Amino acid sequence: MLLDTPSLYFRAFYGVPESVTSPDGMPVNAVRGLLDMIATLVRQHSPAQIVACMDADSAPGVPVAAIPSYKAHRVASGDEEEVPDTLAPQVPVIEEVLDALGIARVGVAGYEADDVIGTYATAATTAVDIVTGDRDLFQLVDDEKPCRALYTVRGIRNLQIIDEAFVREKYGIPGRAYADFATLRGDPSDGLPGVAGIGEKTAAALITRFGSLSALLAALDDGRADGFPAGARNKLAAAREYLEVAPAVVRVAHDVPVPDVDITLPAAPRDPERLVALSEKYGLDSPLNRLLATLT
């Protein structure tokens, strides 16, 4: 089980009232919410291994430089993530608690959590569940592995299971073609502009016809007219510069130098004394007890 941890703690932050605080008054709504999410996920899916995938301080880099609008809602300036003032202090607490629990926490400088997820998912030799609220990660679904996304759009207790069949039915494209499809269509929720005038149906028709964005671009550069819906060729030609840089932005990495860590789901805390101290300091007894009961 690969956790898109930033996606989850953002969801927890907005789903649990900020009135939930530590004894000294610090909001801990994201911390408590995330712990309860993990407890629910473990209880419902019983993973043998789990990784809390994190954004590194220097991410995202390439997306900001190549397509400034991409995930602009998460980027304030340069490479700094826009994190609400009352959420930012909770992230180090989340990291400390995960470490004390013994839940593997992996972030790599220069990469986003998406890239860490892509690397683990690609290397895995067993079934993979990716827990995320980000449609970008649909590109990793693979029925042969199998690898699926557990999409949080309807809540952590009512996850939508995304596999290749879902992608085909929902978007009308080959099951593993989501990244190319999203590049053409765009994704307003992530600030991905897409190709002007190319909507969902045309994007799906193009990817289905050519099989991949690279094959489509080769046909475009060869001057071929067959296979292009009316007017699409000119629209694609006008967006050629965007189509050069977009794939590197949309596709997650598969080769991040992740550290060699034990990703086994812990049955007991790695550092019980530290966990007790964190629980007392931040008022986390209830969610930690629920999670520990699930782990054991």
Side-chain angles (χ1 to χ4, degrees), residues 1-22 26-45 47 50-60 71 73-76 79-108 111-117 120 129-137 149-160 189-190 252 263 265-266 275 278-279 281-288 290-292 294-295:
M1 177 169 280
L2 303 172
L3 305 180
D4 182 358
T5 315
S7 171
L8 296 180
Y9 65 59
F10 266 89
R11 184 178 186 88
F13 176 78
Y14 290 109
V16 179
E18 284 189 58
S19 57
V20 175
T21 61
S22 66
M26 171 186 167
V28 289
N29 51 327
V31 184
R32 293 177 65 101
L34 179 65
L35 291 173
D36 277 335
M37 286 180 178
I38 295 173
T40 298
L41 290 164
V42 171
R43 185 168 57 251
Q44 292 184 347
H45 299 279
I50 190 167
V51 185
C53 303
M54 310 292 291
D55 284 340
D57 291 340
S58 56
K71 295 189 178 179
H73 61 295
R74 292 172 54 193
V75 179
D79 291 342
E80 297 299 321
E81 269 200 43
E82 183 181 355
V83 179
D85 290 343
T86 50
L87 172 56
Q90 297 187 59
V91 176
V93 179
I94 288 169
E95 294 175 341
E96 285 192 82
V97 171
L98 291 175
D99 290 349
L101 282 164
I103 291 176
R105 175 177 63 85
V106 178
V108 179
Y111 295 94
E112 293 185 286
D114 289 5
D115 300 314
V116 176
I117 290 169
Y120 273 109
D129 280 344
I130 299 167
V131 186
T132 184
D134 188 349
R135 288 181 295 187
D136 280 358
L137 292 172
L150 305 182
Y151 190 38
T152 61
V153 66
R154 298 185 301 197
I156 206 75
R157 297 179 185 277
N158 190 23
L159 295 164
Q160 191 168 24
S189 68
D190 271 340
V252 301
I263 64 172
L265 183 75
L275 194 62
L278 290 167
S279 181
K281 181 176 181 179
Y282 296 106
L284 303 175
D285 281 0
S286 295
L288 278 174
R290 285 190 289 270
L291 178 52
L292 290 170
T294 303
L295 293 176

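Only a predicted model underlies this, so the values are computations on that prediction, with no experimental measurement involved.
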Under the side chain to side chain contact (heavy atoms under 4.5 Å, CB included) test, residues paired with Pro89 that sit two or more places apart = Met26
Contacts of Ala12 that satisfy side chain to side chain contact (heavy atoms under 4.5 Å, CB included) - sequence neighbours left out = Met37
Rounded to the nearest 0.5 Å, how far does CD1 of Ile263 lie from CG of Leu2?
-> 7.5 Å
Gap between atom CG of Leu275 and atom CG of Leu284 - 0.5 Å precision | 8.5 Å
Kindly compute the distance separating OH (Tyr9) from CD (Gln90), expressed to the nearest 0.5 Å.
-> 10.5 Å
Can you tell if the side chain of Leu41 reaches within under 4.5 Å of the side chain of Leu3, non-hydrogen atoms only?
-> yes
Go through the steps for Leu101 and Leu292 under the test side chain to side chain contact (heavy atoms under 4.5 Å, CB included), then give the verdict.
-> CA-CA 9 Å; Leu101 282 164; Leu292 290 170; 3.8 Å; yes
Between Asp36 (side chain) and Gly33 (backbone), is there a donor-acceptor pair under 3.5 Å?
-> no
Is there a side chain to side chain contact (heavy atoms under 4.5 Å, CB included) between His45 and Leu159 once you walk through the steps?
-> CA-CA 11 Å; His45 299 279; Leu159 295 164; 3.8 Å; yes
When rounded to the nearest 0.5 angstrom, what distance separates CG in Leu35 from CG in Leu8?
-> 11.5 Å
Could you pull out all residues at least two apart from Tyr151 that satisfy ring pair (Phe, Tyr, Trp, His ring centres under 6.0 Å)?
-> Phe138
Straight-line distance of Arg290 CZ to Leu295 CG, nearest 0.5 Å | 13.5 Å
Sequence neighbours excluded, which residues qualify as side-chain hydrogen bond (donor to acceptor under 3.5 Å, both in side chains) partners of Thr132?
-> Asp4
Take Val106 and Cys53 through the test side chain to side chain contact (heavy atoms under 4.5 Å, CB included) and record every step on the way to the result.
-> CA-CA 5 Å; Val106 178; Cys53 303; 5.6 Å; no
Rounded to the nearest 0.5 Å, how far apart are CD1 of Ile103 and CG of Leu291?
-> 5.5 Å
Partners of Thr294 by side chain to side chain contact (heavy atoms under 4.5 Å, CB included), sequence neighbours excluded?
-> Ala39, Val42, Arg43
Who pairs with Val16 by side chain to side chain contact (heavy atoms under 4.5 Å, CB included), at least two apart in sequence or on another chain?
-> Val20, Asn29
May I ask you to decide if Gly283's main-chain N or O and Arg32's side chain share a donor-acceptor pair within less than 3.5 Å?
-> yes
Salt bridge (Lys or Arg N to Asp or Glu O under 4.0 Å): pairs with one or both residues in residues 87-104, sequence neighbours excluded = Glu95-Arg105, Glu96-Arg274, Asp99-Arg105
Does atom CZ of Arg157 have more than 12 heavy-atom neighbours, drawn from other residues, nucleotides or ligands, at distances under 6.0 Å?
-> no
Applying salt bridge (Lys or Arg N to Asp or Glu O under 4.0 Å), which residue pairs with at least one partner in residues 8-18 are found, sequence neighbours left out?
-> none
Leu288 to Ser279 - nearest heavy-atom pair and separation = CD1-CB, 3.6 Å
Ser7: what forms a side-chain hydrogen bond (donor to acceptor under 3.5 Å, both in side chains) with it, not counting sequence neighbours?
-> none
Considering all heavy atoms, the nearest Ile156-Thr40 contact = O-CG2, 4.2 Å
Who pairs with Thr152 by side-chain hydrogen bond (donor to acceptor under 3.5 Å, both in side chains), at least two apart in sequence or on another chain?
-> none
Between Pro84 and Tyr14, is any pair of side-chain heavy atoms under 4.5 Å apart?
-> yes
So do Asp115 and Glu112 actually touch side chain to side chain, heavy atoms under 4.5 Å?
-> yes
Residues, nucleotides or ligands: over 12 heavy atoms within 6.0 Å of Asn158 CG = yes
